[in-house]
Amino acid sequence: KQEVTQIPAALSVPEGENLVLNCSFTDSAIYNLQWFRQDPGKGLTSLLLIQSSQREQTSGRLNASLDKSSGRSTLYIAASQPGDSATYLCAVRPDSWGKLQFGAGTQVVVTP
Amino acid sequence: DTAVSQTPKYLVTQMGNDKSIKCEQNLGHDTMYWYKQDSKKFLKIMFSYNNKELIINETVPNRFSPKSPDKAHLNLHINSLELGDSAVYFCASSRHQETQYFGPGTRLLVL
């Protein structure tokens, strides 16, 4: 059974620092992995999707890496801003028709 | 130009009532989902439809029944509501099994 873990559960950094968010999964046989952002009281916004054949994806200040063999993905956010404050969730899909399995999320606070 | 919309945004009701939540997407996606986010913020899939056909049906009570009248809509009907049904329900859609786009959520409170 796939288990997705995100550590730490919460993180607070001063503005300008780089953020490193970790996601680990127990079964390396995945189809893809997706990173989301959730603002309080809002829905989820997709940030990056990495296919199982890819090692990383980049979008602006965001970079996500994937190491299937070790069951890990890392989301890097460069030069953090207060607007980056949110909960970040990772989710893995086991196969093309399988369900997304979510981690519990990392709550990030960026202080001015 | 809302991509995935849900109605209502808030729903407060008494135990035992029957209620429906509606979801619509205008992205031309062929797959739609219902998720439940509990008080601990953990997100779990409930159902998934592809081209109006049910493809994922997690272990949820029979009181929950999804209905997909067409590819752009996926509604969720809940019978005999219980206290434990209180949660935030999210609808999502995707093209095939790629990036999922989420609605704003429906906050259900059962009293």
Side-chain angles (χ1 to χ4, degrees), chain A residues 1-11 23 25 29-54 57-59 62 64 66 73 75 86-108, chain B residues 2-11 21 23-25 27 29-51 53-60 66 87-109:
Chain A
K1 182 189 174 196
Q2 178 73 274
E3 290 187 7
V4 182
T5 306
Q6 292 186 247
I7 294 173
L11 184 61
C23 173
F25 44 95
I30 65 170
Y31 180 74
N32 61 34
L33 182 146
Q34 197 165 354
W35 280 95
F36 294 88
R37 163 188 177 135
Q38 185 174 25
D39 293 281
K42 299 284 177 68
L44 278 70
T45 301
S46 178
L47 298 174
L48 291 166
L49 182 145
I50 311 177
Q51 301 292 354
S52 62
S53 58
Q54 297 175 320
Q57 277 286 348
T58 299
S59 175
L62 276 60
L66 175 63
S73 177
L75 178 66
T87 296
Y88 291 82
L89 299 120
C90 74
V92 300
R93 184 188 296 280
D95 53 60
S96 62
W97 291 107
K99 59 183 181 180
L100 276 183
Q101 185 90 21
F102 279 84
T106 295
Q107 187 174 4
V108 171
Chain B
T2 303
V4 182
S5 59
Q6 295 179 228
T7 54
K9 191 171 181 180
Y10 299 95
L11 186 52
I21 307 172
C23 177
E24 177 180 2
Q25 54 94 4
L27 297 168
H29 289 164
D30 57 1
T31 307
M32 296 185 72
Y33 313 79
W34 276 111
Y35 288 87
K36 179 180 180 180
Q37 188 172 43
D38 59 26
S39 57
K40 295 182 180 179
K41 306 299 183 186
F42 211 67
L43 202 65
K44 286 187 178 179
I45 192 164
M46 301 173 70
F47 302 103
S48 175
Y49 271 73
N50 175 260
N51 288 319
E53 286 193 28
L54 182 65
I55 57 171
I56 293 177
N57 184 358
E58 286 297 289
T59 307
V60 297
V88 183
Y89 293 85
F90 287 101
C91 175
S93 73
S94 68
R95 179 179 173 274
H96 305 311
Q97 298 299 311
E98 302 307 323
T99 301
Q100 292 190 18
Y101 294 84
F102 280 71
T106 295
R107 284 141 190 85
L108 172 64
L109 177 61

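The chains referred to below are lettered A, B, ... by the order of the sequence lines, with proteins before strands, and numbering in each begins at 1.
Top candidate by heavy-atom pairs under 4.5 Å with chain A, chosen from B/I55, B/V88, B/L43, is B/L43. Counting heavy-atom pairs under 4.5 Å between each of A/S46, A/A91, A/G41, A/A104 and chain B puts A/G41 at the top. Residue with the most contacts toward chain B among A/K99, A/R93, A/Q101: A/R93 (heavy-atom pairs, distance under 4.5 Å).
For chain B, the nearby part of A/L49 is the side chain; its heavy atoms alone come within less than 4.5 Å. Of the two parts of B/T99, the backbone and the side chain both hold a non-hydrogen atom closer than 4.5 Å to a non-hydrogen atom of chain A. Heavy atoms closer than 4.5 Å to chain A are found in the side chain of B/Q37, but not in its backbone. Interface remark: B/Y101 contributes no atoms to any contact with chain A (heavy atom separation under 4.5 Å).
Taking each heavy atom of B/F42 and A/F102 in turn, the nearest pair found is CZ-O, 3.5 Å. Annotation for B/F90 and A/Q38: closest pair CZ-NE2, 3.4 Å, computed over non-hydrogen atoms.
Taking CG from A/L44 and OH from B/Y35, the interatomic distance works out to 9.0 Å, rounded to the nearest 0.5 Å.
A/N32 is listed as a side-chain neighbour of B/E98, based on a closest heavy-atom distance under 4.5 Å.
Counted within 6.0 Å of CD on A/Q2, heavy atoms from surrounding residues, nucleotides or ligands total more than 12; the atom is thus considered enclosed.
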